[in-house]
Amino acid sequence: MVKSNGDNPIRKVLGLGYWVQGFRCFPWMAVNFFLKDGLNVDPSTLQLLQNSANLPMVAKPLYGILSDAVYISGQHRIPYIAIGAFLQAVSWIPIAIMSPSSISVLTISIYLLLSNLGASVAEVANDAIVAEAGKHSISSKNSGKSSSGELQAFVWVASSAGGILGNLLGGITIDRFSPQAMFLFFGILLSLQFFLTIIVHERSLNLPRSSTNAGVKKQLSELLTVLKTPEIAYSLTWFAASYSIIPALTGTMFFYQTEHLKIESSVLGISKVLGQAALLLWGVIYNRHLKSVPSRKLISSIQVSMAVFMISDMLFVKGFYRDMGVPDFVYVVLFSGLSEVLLFFKILPFSVLIPQLCPPGCEGSLMAFVMSAIALAFIVSGCLGVALASYVGVTASNFSGLPHGLIIQAICTLLPLSCSWCIPDDVKAKDKGNANAKDRRKDSKKQQ
């Protein structure tokens with residue numbers, strides 16, 4: 001835990017920020033139904049729109065560099081969180097108040113891009129605070145092992161809690177209110193976050209601050225230097241590739257469950273709630289029991305689990321569980337939500353690993369680059385998923401090729417394991433070993 005005078009303000013700011021970030025699933029559930037039922041898009045178009053809306057997240061390194069280098073009124077984190085909340089609010093509210101007949105695919109795509117731009121800016125600033133405060137906590141304690149990862153686990157739980165409530169409310173309200181009413185509610189919530197954020201001053205967070213205000217060019221140069229570090233370069237490349245190589249079939253599965261199986265939106269909401277609950281539980285379990293497990297072993301185990309769930313989805317589509325007497329909605333509730341969030345499990349141990357490798361002063365830029373690489377990987381994954389769905393012949397009314405697609409997806413998921421050596425085993429142990437070696441060399445010189 002971060003024991004400092006700024007601990008409570010930090011947790012309040014981050015708790016709200018990550019909770020709202022998790023609650024974004026609330027309007028996005030409405031977006032899926034609005035696109036499918038209101039604009040009558042097909043599965044491939046739905047998935048392309050979902051992924052193209054993430055394009056602003058690819059530019060996260062730029063936001064990170066600006067956040068690290070450019071201070072606004074003497075602050076370089078809080079103003080960017082406020083700007084992010086403002087941009088999101090002015091994107092969701094117009095969609096909510098527009099006439100449905102005037103909304104086209106292009107119009108909603110532009111507003112979704114603006115929303116994700118604001119979300120990206122806010123997430124970069126929040127992630128930078130976590131990296132700075134977490135590293136400051138470790139460096140200010142003799143027992144780094146006990147404190148490492150606790151702040152990451154805290155914000156993970158906050159985000160998961162927002163996701164649980166967002167999916168629960170989304171599943172309930174989608175049948176009772178229009179998608180635009182849900183957009184308006186979220187826009188008002190973002191406006192509230194904006195006003196609550198601007199009244200906080202960054203000094204109260206007790207964050208470490210550079211003695212000099214480095215320019216953007218210097219910050220970019222430092223980021224490039226950090227990215228050339230072998231441990232960071234190899235682990236980041238593997239992590240992004242482990243996502244991008246998997247063809248995502250989320251849009252296809254959404255259509256399969258809602259159009260073919262006629263699963264109700266409330267069932268999908270409950271399924272996603274259980275998935276978010278699993279994310280929350282994962283944060284607690286990791287913080288209490290798994291921080292000492294080597295990163296490579298933990299991340300590789302999650303990768304294998306992802307493939308197992310994809311094979312399970314294939315059996316579900318083929319009717320294996322139905323033949324065993326398990327109703328479709330039961331499988332969807334118990335396993336579909338968990339299957340969707342399982343790929344995010346890897347992010348927590350990786351977000352703990354990366355700050356340990358990062359030199360001081362570049363945390364915001366590096367964490368932004370990491371999240372940018374993940375966002376780009378998701379976009380590539382989505383495009384590969386559209387290609388795979390086309391290859392196996394899946395359409396809005398024909399899902400006979402979906403089992404073959406899921407098998408190919410599982411095989412692709414296992415491929416990155418052959419290069420898992422790119423992830424450091426135990427950074428702390430290695431650093432401790434290097435420190436001990438240096439101490440022994442110093443003692444040896446003294447004796448000579």
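The chain is numbered in sequence order, starting from 1. In this text the structure is predicted, and so the values were computed from the model without any measurement.
A 4.5 Å side-chain heavy-atom check between Leu402 and Met253 finds at least one atom pair inside the cut-off. Between Phe154 and Val130 there is no side-chain heavy-atom pair separated by less than 4.5 Å. Residues Leu280 and Ile164 meet the side-chain proximity criterion, which asks for heavy atoms closer than 4.5 Å. Counting only heavy atoms from C-beta outward, the side chains of Gln303 and Leu414 never approach each other to under 4.5 Å. The closest side-chain heavy-atom distance from Phe344 to Trp282 is not below 4.5 Å. A heavy-atom distance below 4.5 Å is not found between the side chains of Phe34 and Ile95. Looking at Ser336 and Gln257, their side chains come closer than 4.5 Å, going by heavy atoms from C-beta outward. His201 has its side chain out of reach of Ile78: every pair of non-hydrogen atoms, C-beta onward, lies at least 4.5 Å apart.
The two residues Thr413 and Ala307 have their closest heavy-atom pair at CG2-N, 3.9 Å. Contact detail for Ala375 and Met57: the closest heavy-atom pair is CB-CB, 3.5 Å. Contact record, Gly170 with Phe26: N-CD1, 3.6 Å, taken as the closest heavy-atom pair. The two residues Leu298 and Pro349 have their closest heavy-atom pair at CD2-CB, 3.9 Å. Scanning all heavy atoms of the two residues, the minimum distance from Val41 to Phe255 falls at O-CZ, 3.3 Å. In this structure, Gly171 and Asp175 approach most closely via the heavy-atom pair O-OD2, 4.4 Å.
Of the inter-residue distances, the one linking Leu169 atom CG with Arg176 atom CZ reads 11.0 Å to the nearest 0.5 angstrom. How far CZ of Phe183 is from OG of Ser115: 10.0 Å, rounded to the nearest 0.5 Å. Taking OH of Tyr18 as the reference point, atom OG of Ser159 lies at 8.5 Å (rounded to 0.5 Å). Separating the CG atom in Leu384 from the CD1 atom in Ile379 is a distance of 12.0 Å, to the nearest 0.5 Å. A distance of 9.5 Å separates OG1 in Thr250 from CG in Leu343, rounded to the nearest 0.5 Å. With values rounded to the nearest 0.5 angstrom, Met29 atom CE is found 5.5 Å from Lys272 atom NZ.
In this structure, Arg24 is not positioned above the aromatic face of Phe186 in the sense of NZ or CZ being under 6.0 Å from the six-membered ring centre and within 45° of the axis.
Every residue meeting the side-chain contact (heavy atoms from CB on, under 4.5 Å) condition with Ile188, not counting sequence neighbours, appears here in chain and number order: Leu184. In terms of the side-chain contact (heavy atoms from CB on, under 4.5 Å) criterion, residue partners of Val386 (sequence neighbours excluded) are, by chain and number, Ser44, Gln47, Leu48.
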The test is side-chain contact (heavy atoms from CB on, under 4.5 Å); show your working for Asn51 and Cys383 and say whether it passes. CA-CA 8 Å; Asn51 287 276; Cys383 293; 5.6 Å; no
Evaluate the criterion side-chain contact (heavy atoms from CB on, under 4.5 Å) for residue pair Asp313 and Ser339; output intermediate values, then yes/no. CA-CA 9 Å; Asp313 283 344; Ser339 179; 3.3 Å; yes
Show the numbers, then the answer: is there a side-chain contact (heavy atoms from CB on, under 4.5 Å) between Leu189 and Trp19? CA-CA 11 Å; Leu189 178 63; Trp19 184 89; 3.7 Å; yes
One pair to check against side-chain contact (heavy atoms from CB on, under 4.5 Å): Leu66 and Tyr80. What are the steps and the verdict? CA-CA 9 Å; Leu66 289 174; Tyr80 291 95; 4.1 Å; yes
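Between the Ser271 side chain and the Gly337 main chain, a donor and an acceptor come within less than 3.5 Å of each other. In this structure a side-chain-to-backbone donor-acceptor pair under 3.5 Å is present from Arg296 to Ile423. With hydrogens and angles disregarded, a donor-acceptor distance shorter than 3.5 Å links the side chain of Asn126 to the backbone of Ala122. Between the Ser91 side chain and the Gln88 main chain, a donor and an acceptor come within less than 3.5 Å of each other. A donor-acceptor pair is defined here as one N or O able to donate and one able to accept, closer than 3.5 Å; no such pair exists between the side chain of Ser381 and the backbone of Ser244. Judged by distance alone, the side chain of Gln75 and the main-chain N or O of Glu202 form a donor-acceptor pair under 3.5 Å. In this structure a side-chain-to-backbone donor-acceptor pair under 3.5 Å is present from Thr229 to Val226.
Annotation: Phe86, atom CZ; neighbour count of heavy atoms from other residues, nucleotides and ligands within 6.0 Å does not exceed 12.
Partner of Phe350 under the ring pair (Phe, Tyr, Trp, His ring centres under 6.0 Å) criterion, out of Trp238, Tyr286, Phe239: Phe239 alone. A side chain to side chain donor-acceptor pair (under 3.5 Å) with Lys346 holds for exactly one of Ser242, Ser301, Ser351, Ser300; it is Ser242.
Using cut-offs of 30° and 60° on the angle between ring planes, the pair Phe335 and Tyr321 is parallel. Note on ring orientation: taking the six-membered ring where Trp is involved, the planes of Phe378 and Tyr243 are tilted (angle from 30° to 60°).
Between the side chains of Tyr63 and Ser372, no donor-acceptor pair is found at a separation under 3.5 Å.
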Distance-only criterion, 3.5 Å: show the donor-acceptor pairs between side-chain atoms of residues 190-200 and protein atoms not counting sequence neighbours.
{"unit_1": "Ser191", "atom_1": "OG", "unit_2": "Gly187", "atom_2": "O", "d": "3.0"}
{"unit_1": "Thr197", "atom_1": "OG1", "unit_2": "Gln193", "atom_2": "O", "d": "2.7"}

